[in-house]
Protein chains: 2
Amino acid sequence: MDVKTLCLGVLTLGDASGYEIRKQFEEGPFAHFFQASYGSIYPSLGRLLDEGLVSVTEHAQDGKPDKKVYNLTPAGRARFTEALGDLPAPDSFRSEFLVYLFFAELMPEGQLETVFDAYHKHFQDMADVIEGLSFDRVPPGRMFVRRMGHTFYKTMADYMEQHREEFIAESEPAKRVPKAAE
Amino acid sequence: MDVKTLCLGVLTLGDASGYEIRKQFEEGPFAHFFQASYGSIYPSLGRLLDEGLVSVTEHAQDGKPDKKVYNLTPAGRARFTEALGDLPAPDSFRSEFLVYLFFAELMPEGQLETVFDAYHKHFQDMADVIEGLSFDRVPPGRMFVRRMGHTFYKTMADYMEQHREEFIAESEPAKRVPKAAE
DNA sequence: GGGGCCATGTAACCCGTTACATGATTGA
DNA sequence: TCAATCATGTAACGGGTTACATGGCCCC
């Protein structure tokens with residue numbers, strides 16, 4: 001599933017401009033599990049228009065460029081549900097934070113605490129963001145994913161909190177297994 | 001942190017060939033939070049060699065190409081610990097599975113169950129894999145990350161199990177909010 | 001006989017990000 | 001006055017994956 005197809009999905013939630021779609025990927029629900037920037041969204045919308053999967057209405061504005069609001073055509077909606085018939089690709093996850101924590105014993109003085117606390121704060125912040133969302137008329141799919149996300153963030157934050165002191169104590173350079181003949 | 005730097009990290013765990021490093025990324029502990037394939041590992045090792053950050057010993061083998069075992073030089077080790085002094089980049093996570101579940105109500109008949117169960121199985125399998133690992137002489141960093149990973153997989157699997165029936169029932173096409181004038 | 005593992009390496013490709021280009025409005 | 005927000009779009013770049021190239025051994 002590429003950005004082009006996902007744009008169709010975002011448009012099933014309502015008409016939107018390229019700018020607004022990007023916001024969905026940056027601040028909206030998708031931000032947590034899919035990212036896309038201008039450089040991929042605008043060209044995608046152009047191609048979707050060529051293929052007749054979306055239509056566009058230009059709203060003149062003063063000062064700003066015309067706002068181009070995209071709307072899903074029936075063909076576009078069909079294309080998206082078709083895409084949902086394929087099997088999803090495996091998740092991809094890359095975490096430099098976990099790489100750092102993995103190598104805790106090799107980190108310079110004080111860096112473990114810094115990295116650890118930043119990572120913990122990230123999870124806690126994300127959990128808080130989700131707790132602040134409204135429960136108003138949220139369809140089941142969105143709700144399920146939201147709750148699952150909240151469970152994830154909260155569990156990770158709690159896990160880190162519970163193991164912080166022990167982990168940091170164990171990782172002290174002084175406790176490292178000395179090299180042979182040293 | 002690019003693949004080149006990570007290769008240095010892998011080599012802090014012991015000498016290895018390009019082939020063996022790739023296995024670390026595919027089956028070893030890194031598989032869960034960092035991926036790299038031949039096309040990035042071999043060129044990385046070449047450049048590390050040019051920069052004097054690793055040395056290499058060729059072991060002749062019959063039938064197979066010579067096995068080139070790479071070894072971290074003191075400069076290489078220093079470079080890696082230096083790299084750990086920078087701040088890690090934010091995690092990147094992309095999940096088509098969550099996109100699909102988000103749009104549960106739009107999925108074709110039966111697809112929700114298929115996708116849901118595949119995702120659940122993935123989490124359960126990963127949790128089982130980690131449970132099967134040995135506890136023998138695992139340094140604190142590795143252990144912390146491993147336990148955190150297990151907590152993650154197990155929590156996600158449990159969450160999905162507990163909400164499966166309710167979620168699938170709610171997402172039935174029959175329960176969708178009808179469009180205006182239908 | 002065939003598939004999978006060992007083992008190295010290259011080249012083409014792809015998808016996406018980053019930075020650039022442009023510029024008015026609004027609020028601190 | 002400076003930063004942020006609105007708003008669209010392009011071009012260069014980049015880091016990685018995929019597929020290709022090569023080939024013997026071992027087990028079923």
Side-chain angles (χ1 to χ4, degrees), chain A residues 1-7 10-11 15-28 30-31 33-50 54 56-70 83 89-96 99, chain B residues 1-8 10-11 15-28 30-31 33-50 54 56-70 83 88-96 99:
Chain A
M1 166 124 6
D2 52 20
V3 173
K4 202 173 111 189
T5 309
L6 236 301
C7 284
V10 173
L11 290 173
D15 298 352
S17 65
Y19 188 84
E20 286 159 357
I21 290 175
R22 199 224 45 168
K23 273 180 85 172
Q24 290 282 310
F25 285 112
E26 202 178 75
E27 302 163 32
F30 298 103
F33 52 88
F34 209 98
Q35 28 289 136
S37 58
Y38 289 138
S40 52
I41 292 168
Y42 282 120
S44 292
L45 289 170
R47 268 174 267 137
L48 291 171
L49 198 59
D50 293 343
V54 300
V56 68
T57 315
E58 292 191 39
H59 297 266
Q61 298 184 118
D62 35 276
K64 307 170 200 172
D66 288 0
K67 184 171 178 172
K68 296 165 103 173
V69 174
Y70 293 88
D91 287 7
S92 83
F93 175 57
R94 163 174 297 202
S95 174
E96 291 192 12
V99 169
Chain B
M1 165 128 0
D2 53 21
V3 172
K4 200 173 113 191
T5 309
L6 237 299
C7 284
L8 293 174
V10 174
L11 290 173
D15 298 353
S17 65
Y19 188 83
E20 286 159 356
I21 291 174
R22 199 224 45 168
K23 273 180 84 174
Q24 291 280 313
F25 284 112
E26 201 178 75
E27 302 163 31
F30 298 103
F33 52 88
F34 208 98
Q35 29 290 136
S37 57
Y38 290 137
S40 54
I41 292 168
Y42 282 119
S44 292
L45 289 170
R47 268 175 267 136
L48 291 171
L49 197 60
D50 293 343
V54 299
V56 69
T57 315
E58 292 191 39
H59 296 266
Q61 299 186 118
D62 34 277
K64 307 170 199 171
D66 290 359
K67 183 168 176 172
K68 296 166 102 172
V69 174
Y70 292 89
D91 287 7
S92 84
F93 175 57
R94 164 174 297 202
S95 174
E96 292 192 11
V99 169

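Sequence lines set the chain letters: A, B, ... in the order given, protein chains first and strands last, and positions in each chain run from 1. Worth saying up front: this structure is predicted, and the values here are computed from it rather than measured.
Taking atom CD of Glu20(B) as the reference point, atom C1' of dC5(C) lies 13 Å away to the nearest angstrom. The distance from atom CZ of Arg22(B) to atom P of dA19(D) is 14 Å, rounded to the nearest whole Å. Atom NE2 of His59(A) and atom C1' of dT8(D) are 15 Å apart (whole Å). When the P atom of dT25(C) is taken as reference, atom NZ of Lys67(A) falls 17 Å away, rounded to whole Å. Rounding to whole angstrom units, CD of residue Glu58(B) and C1' of dA7(C) are separated by 12 Å. Here dG16(D) presents its P atom at 17 Å from CZ of Phe93(A), a figure rounded to the nearest Å. Rounding to whole angstrom units, CE of residue Met1(A) and C1' of dG16(C) are separated by 17 Å.
Take the nearest nucleotide of DNA chain C for Lys23(B) and for Lys68(B): the residue whose nucleotide is more 5' is Lys23(B). Along DNA chain C, the nucleotide nearest Val69(B) and the nucleotide nearest Ala36(A) are compared for position; the residue whose nucleotide lies closer to the 5' end is Val69(B).
Relative to the axis of its first five pairs, the axis of the last five pairs of the helix from dG1(C)-dC28(D) to dA28(C)-dT1(D) sits at 50°, rounded to 10 degrees.
At a non-hydrogen distance threshold of 4.0 Å, Tyr38(B), Gly39(B), Tyr42(B) from residues 38-50 of chain B come into contact with DNA chain C.
Look at Tyr19(B) and you won't find any side-chain N or O under 4.0 angstrom from OP1 or OP2 of dT8(C). A close approach under 4.0 Å does not occur between any side-chain nitrogen or oxygen of Ser37(A) and OP1 or OP2 of dG16(C). Between Arg94(B) and dG16(C), a side-chain N or O to OP1/OP2 separation shorter than 4.0 Å is present. Of the side-chain N and O atoms in Ser17(B), one or more sit less than 4.0 angstrom from OP1 or OP2 of dT8(C).
Every residue meeting the side-chain contact (heavy atoms from CB on, under 4.5 Å) condition with Glu20(A), not counting sequence neighbours, appears here in chain and number order: Ala16(A), Ser17(A), Lys67(A).
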### Task
Tell me, with the steps shown, if Ile21(A) and Leu45(A) meet side-chain contact (heavy atoms from CB on, under 4.5 Å).
CA-CA 10 Å; Ile21(A) 290 175; Leu45(A) 289 170; 4.0 Å; yes

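Here Lys4(A) lies out of heavy-atom contact (under 4.0 Å) with every strand.
Seen from the ring of Phe25(B), Arg22(B) does not count as a face-on cation partner, given the 6.0 Å and 45° thresholds.
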